[in-house]
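Everything below concerns the one structure shown next.
Below, chain A is the first sequence line, B the second, and so on; all start at residue 1.
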Amino acid sequence: SVRPLISKISCLLIEMEVGVKYTGEKAGMKNVDRERINQIIYELSKDSEYFKLEQRKKEELDSKARSTQERIQELLKDPLKVQEASVQIAAKLQAYEDERTLEETWIHIDMDMFYAQVEIRDEPNLEEKPVAVGSGVVSTANYVARQYGIRSAMPCFIAKKLCEDLIILPGNRQKYCDEASAIREIFREYDPEFESAGLDEAYLCVTKVLEEREENNKEGRLKIAQEIRAKVYDATRLTCSAGIAPNKMLAKIGSEMNKPNGQFYIEFNREEIVDFLSNLSVRKVPFIGYTTEGLLKGIGVNTCRDILNKKLEIFLGFTERCFDFLVSSALGISSAEHPSEKEQKKMISLSKTFKTTKSTCFLENMLMSFSREIAEEMSETCCIAKTVGIIFKNFKFEQFSKELTLKHYINTKEEIFEEASKLLRSFYPLDPVRLVGLRVRNLLHGKEKDKDLNFYLSQQSSQSTCKKPGIKLFRQRCPVCNKEFTQSENWMNTHTQVCNTEVLPKKRKVQSNSIHKYLKR
DNA sequence: TACATACAC
DNA sequence: AATGGTGTATGTA
């Protein structure tokens, strides 16, 4: 009969319309009725501004993919270019192999459906029911809910339509933080320098422990991952999954393979690594997202094998950085080191979505309270900022931002709000907006004992004159942070001293040449 | 430096 | 009726 065929085609068409946002493969999504899911998502989405923007973006991506393909085809016609590229690629491949590490053991731990699992643990009669945690959008859903096509980042109203019985819980941040502390305590035993990725993920380098145990082999590695997972379960009654591999990227890919409550071992051997990756969709490689996947599809690259087969095309059509990342990833080469220094926060931001509004008064109030909260965090973490920026999203979901770098550092709510409201006014007259955000960048971190100084610094702008008679004032700028002083000489000296010796040397000038954390620094 | 985009969780 | 919030890195002008 032609019916199934027609229905397959219409499903495909809708899939193309909806995109792969919620229909891509993910743990627990093997046997879902994709046709029905796509229909529902499409019906609920098709008239929204959000969907229209997504469509426009998709068209842009398609046209970018086409032009990339054309550019590559042109370059391929030039034998000299091809020859030159081949030589460079050969040299690069050799250089990548020199970076390959097979001596370290990395374990990536990923809690299974973290928030949902915590809620179900505390309310066991939810176990068999479809459960999602989130408000507005789904943060995480259990495997029962995933059978209905419910996934993280999906708006709750769509999730509810996909499954009328879905139980949506608002979540409890503090509880998840407490659980995170508990599991991190365990991770610390195995690697005091472990790296967290959000509340529910961590990268551990367990080479040292394995050597101490004289079990630096496959059995020892499997055992240690089992052991960590068992300890996590004992401490929290929560399951997690693990990937065991010679570097961070492979460990991360591995932890997805046997979810939930499973682990996966990647052999510490070049051929087996390349073999393992060859059939894997490029999308499984961390940091290859929707856009990069789309561009690669445009040149017929779907798997890691395709990346290696089409490295000439990728070399010609993508930036060098991108080529390095794609090809070394497809070979299973990535960083097997912790970052050399614990990174300080580079930005503090707050944003909020609300019912679309034109009220500038409302927006000003939002910015005012953001300023207060940001200033609070700045004082808690002892930092000052030089750049202030605001962000908008209009009713068409388009985003705009504007920022300003000052001549000196600031850290009070008044100063932040002053700049923020100037930026806001520069947007007048304003389109109706659905989101506003505020951020500070170019942070300078101080130490605990700088708190007073920062507080003092922040008082300056609002005290341009001293009303008390008899106090000798002077006006001068700090040569380090350019802050103007209208106080006594004593203060100025104290300030300059601290600013020089404590705050400034922390500023780093290390130029990281990596596309992200999986590339060696 | 300013702004936009991609990505992760 | 209805599609989040916080942070990092990078491309481009």
Side-chain angles (χ1 to χ4, degrees), chain A residues 18-19 21-22 41 43-54 57 60-61 64 110-111 113-115 133-140 151-161 170-171 173 176 180 195-202 249 252 283 285-295 318-322 325 339 343-356 370 373-374 377 386-393 395-407 423 426 434-443 511-519 521:
Chain A
V18 175
K21 199 163 169 197
Y22 311 116
I41 296 174
E43 285 306 319
L44 289 173
S45 297
K46 65 181 195 306
D47 297 321
S48 66
E49 289 293 337
Y50 177 83
F51 185 74
K52 286 179 204 161
L53 184 77
E54 291 284 295
K57 281 195 199 158
E60 261 166 51
L61 177 59
K64 197 174 167 192
D110 194 336
M111 300 302 292
M113 45 170 195
F114 187 44
Y115 298 171
V133 177
S135 47
V137 298
V138 174
S139 290
T140 175
R151 293 190 44 174
S152 48
M154 176 179 278
C156 289
F157 76 93
I158 291 181
K160 196 79 187 175
K161 259 297 201 297
R173 194 134 197 108
Y176 312 141
E195 297 164 50
S196 295
L199 289 180
D200 69 328
E201 280 183 34
M249 178 196 70
K252 164 92 174 153
R283 193 59 200 273
V285 176
F287 296 99
I288 297 186
Y290 175 76
T291 304
T292 313
E293 183 190 29
L295 292 178
F318 290 69
T319 65
E320 185 175 6
R321 241 172 150 65
C322 207
F325 169 68
E343 317 257 324
Q344 309 244 44
K345 225 192 224 193
K346 296 181 175 66
M347 177 175 110
I348 302 172
S349 73
L350 286 173
S351 64
K352 183 82 192 146
T353 296
F354 35 76
K355 211 175 118 236
T356 300
F370 289 160
E373 287 176 62
I374 288 175
E377 182 175 338
K386 219 156 92 117
T387 304
V388 179
I390 63 174
I391 306 101
F392 289 114
K393 202 188 274 181
F395 63 107
K396 291 177 181 164
F397 289 83
E398 297 161 325
Q399 271 206 199
F400 306 92
S401 68
K402 199 167 266 204
E403 65 175 26
L404 181 67
T405 301
L406 305 164
K407 290 205 175 60
L423 290 167
S426 77
R434 66 181 340 270
L435 170 144
V436 65
L438 177 57
R439 71 171 171 233
V440 295
R441 290 198 315 117
N442 269 327
L443 302 183
Q511 211 230 327
S512 151
N513 71 338
S514 65
I515 198 162
H516 57 68
K517 66 194 234 182
Y518 291 128
L519 268 190
R521 279 152 203 279

Item to check | Phosphate contact (C:dT6 OP1 or OP2) by A:Ser351 side-chain N/O below 4.0 Å | outcome: yes

Next on the checklist: For A:Phe157 and A:Leu350, find the nucleotide of DNA chain C closest to each by heavy atoms; which residue's nucleotide sits nearer the 5' end?
Outcome noted: A:Phe157

Checklist entry - What is the distance from CD of A:Gln399 to P of B:dA2, rounded to the nearest Å? => result 18 Å

Checklist entry - Between A:Lys57 and A:Glu60, does a salt bridge (Lys or Arg N to Asp or Glu O under 4.0 Å) hold up when you go through it step by step? => result CA-CA 5 Å; A:Lys57 281 195 199 158; A:Glu60 261 166 51; over 6 Å; no

Next on the checklist: I need the CG-C1' distance between A:Leu443 and C:dG7, as an integer number of Å.
Outcome noted: 11 Å

Checklist outcome for this item: Between A:Gly136 and A:Ser349, the residue closer to the 5' end of DNA chain C by nearest nucleotide is A:Gly136

Checklist entry - Using a cut-off of less than 4.0 Å, is there contact between a side-chain N or O of A:Thr291 and OP1 or OP2 of B:dT5? => result no

Next on the checklist: Once you apply a heavy-atom cut-off of 4.0 Å, does A:Ser135 come out as touching a base, just sugar-phosphate, or nothing?
Outcome noted: nothing

Item to check | Below 4.0 Å: OP1/OP2 of C:dA2 and any side-chain N or O of A:Lys355 | outcome: no

Checklist entry - For A:Arg321 and C:dG11, is the shortest distance between a side-chain N/O and OP1 or OP2 below 4.0 Å? => result yes

Next on the checklist: Under 4.0 Å, counting only non-hydrogen atoms across every strand here, what does A:Leu404 touch: a base, just sugar-phosphate, or nothing?
Outcome noted: sugar-phosphate

Checklist entry - In whole angstroms, how far is the P atom of B:dC9 from the CG atom of A:Asp110? => result 8 Å

Item to check | Integer-rounded Å distance: C:dG4 C1' and A:Tyr115 OH | outcome: 12 Å

Item to check | Selection from C:dG7, C:dG4, B:dA8 that lies nearest to any side-chain heavy atom of A:Ile348 | outcome: C:dG7

Checklist entry - Which part of the nucleic acid does A:Lys252 contact within heavy-atom distance under 4.0 Å: base, sugar-phosphate only, or nothing? => result sugar-phosphate

Checklist entry - Which of the following nucleotides, C:dG7, B:dA8, C:dA9, is nearest to the side chain of A:Lys346? => result C:dA9

Next on the checklist: Just N and O in the side chain of A:Ser401: are any of them under 4.0 Å from OP1 or OP2 of B:dA2?
Outcome noted: no

Checklist entry - Parallel, tilted or perpendicular: which fits the ring planes of A:Tyr115 and A:Tyr176, with parallel below 30° and perpendicular above 60°? => result parallel

Checklist entry - Between C:dG7 and A:Lys345, is there an OP1 or OP2 to side-chain N/O distance shorter than 4.0 Å? => result yes

Item to check | Separation of C:dG11 P from A:Glu60 CD (nearest whole Å) | outcome: 19 Å

Checklist entry - Taking atom P of B:dC7 as reference, at what distance in whole Å does atom CD of A:Glu201 sit? => result 17 Å

Checklist entry - Can you tell me how far C1' of B:dA6 sits from CZ of A:Phe318, to the nearest Å? => result 14 Å

Next on the checklist: Assess, by modelled atom type and distance only, whether the side chains of A:Thr140 and A:Ser152 contain a donor and an acceptor separated by less than 3.5 Å.
Outcome noted: no

Checklist entry - Over how many whole Å does the gap from A:Met154 atom CE to B:dC9 atom P extend? => result 19 Å

Checklist entry - Between C:dG4, B:dC9, B:dC7, which one does the side chain of A:Ala197 approach most closely? => result B:dC9

Next on the checklist: Counting the atoms with a prime plus P, OP1 and OP2 as sugar-phosphate, which does A:Ser48 contact under 4.0 Å by heavy atoms, base, sugar-phosphate, or nothing?
Outcome noted: base

Checklist entry - At under 4.0 Å, does any side-chain N or O of A:Lys46 touch on OP1 or OP2 of C:dA2? => result no

Checklist entry - Are OP1 or OP2 of B:dA2 and a side-chain N or O of A:Thr405 less than 4.0 angstrom apart? => result yes

